Amino acid sequence: MLLKIHGDEPTRLQRVLHGVGTVLIPYAFDRIQNRAMISQWSSLPEDDYRYIVNKWLDTLEKIWSAAQVLNLFVFLYNGKYRSVLDRILFLRLVYDKAEGGRNV
């Protein structure tokens, strides 16, 4: 299986963005969330930038989780994009051979 878009190989930009989206962004998000939890940013005054960043992180996490659940249902319906990031970048798995069956 290869990552492809509509019969063509992914562009260099798509591959780079896929790597950034699957490795760097989750790593940075986790690091910021851990820092916010350890430093208790949620208990700071509401006008503090760290409190605002913490609220944005919570909101983004909820939106991302909802998008992942929605993508799961859409994937189960049509089987095109495995993840939200694949859907955003238009990357989908395509079998090398048309007669290749799925191992379920």
Side-chain angles (χ1 to χ4, degrees):
M1 285 188 275
L2 301 171
L3 284 174
K4 291 189 177 184
I5 57 166
H6 304 296
D8 200 6
E9 291 195 16
T11 64
R12 183 181 305 255
L13 177 63
Q14 285 175 316
R15 285 182 267 168
V16 168
L17 289 175
H18 193 267
V20 168
T22 55
V23 177
L24 295 179
I25 291 176
Y27 175 76
F29 191 81
D30 286 343
R31 294 280 297 185
I32 294 170
Q33 265 192 325
N34 286 339
R35 173 68 63 173
M37 186 176 61
I38 290 169
S39 301
Q40 298 180 349
W41 289 2
S42 61
S43 62
L44 294 171
E46 290 185 14
D47 60 345
D48 192 313
Y49 78 94
R50 293 170 294 183
Y51 178 84
I52 296 169
V53 168
N54 187 51
K55 287 296 178 188
W56 274 102
L57 289 174
D58 289 343
T59 302
L60 286 173
E61 186 176 26
K62 289 174 186 174
I63 290 170
W64 188 252
S65 295
Q68 286 179 320
V69 169
L70 181 63
N71 185 69
L72 173 66
F73 291 133
V74 174
F75 174 74
L76 292 174
Y77 179 72
N78 66 15
K80 284 188 181 179
Y81 302 105
R82 301 176 299 163
S83 68
V84 176
L85 185 60
D86 288 350
R87 186 172 297 280
I88 291 169
L89 296 175
F90 300 108
L91 293 172
R92 61 190 190 112
L93 288 176
V94 179
Y95 290 101
D96 288 336
K97 300 175 185 174
E99 69 273 355
R102 295 183 182 170
N103 296 328
V104 181

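Please read all numbers here as calculations on a predicted model, not as lab measurements.
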Exercise for review: List in chain and number order the residues that pass side chain to side chain donor-acceptor pair (under 3.5 Å) with Q33, two or more places apart in sequence or in another chain; answer none if no residue qualifies.
Suggested key: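 Here the qualifying residues are E61.
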From [atom1] ([X]) to [atom2] ([Y]), nearest 0.5 Å:
{"X": "L72", "Y": "S83", "atom1": "CG", "atom2": "OG", "answer": "11.5 Å"}
{"X": "K80", "Y": "D86", "atom1": "NZ", "atom2": "CG", "answer": "13.5 Å"}
{"X": "L85", "Y": "L91", "atom1": "CG", "atom2": "CG", "answer": "7.5 Å"}
{"X": "N71", "Y": "L76", "atom1": "CG", "atom2": "CG", "answer": "9.5 Å"}
{"X": "N34", "Y": "R31", "atom1": "CG", "atom2": "CZ", "answer": "7.5 Å"}

Please give the remaining members of the hydrophobic cluster of [X], linking ILVMFWY side chains under 4.5 Å, ordered by chain and number.
{"X": "F73", "result": "V69"}
{"X": "W64", "result": "V84, I88"}
{"X": "Y77", "result": "none"}

Review point. Among all residues two or more places apart in sequence or in another chain, which pass the side chain to side chain contact (heavy atoms under 4.5 Å, CB included) test with V74?
Key: N78, R87
What donor-acceptor contacts under 3.5 angstrom involve side-chain atoms of residues 48-57, with partners at least two apart or in another chain?
unit_1, atom_1, unit_2, atom_2, d
D48, OD1, R50, N, 2.9
D48, OD1, R50, NE, 3.3
D48, OD2, R50, NH2, 2.9

Practice item. Is it possible for you to say whether Y81 and F75 belong to one hydrophobic cluster, with membership spreading through side-chain heavy-atom contacts below 4.5 Å? Key: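 Looking at the clustering, F75 is in a separate group from Y81.
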Point to revise | Atom CZ of R35: over 12 foreign heavy atoms under 6.0 Å | key: no
All N/O donor-acceptor pairs, side-chain side in residues 21-30, below 3.5 Å, sequence neighbours left out:
unit_1, atom_1, unit_2, atom_2, d
T22, OG1, H18, O, 2.8
T22, OG1, G19, O, 3.4

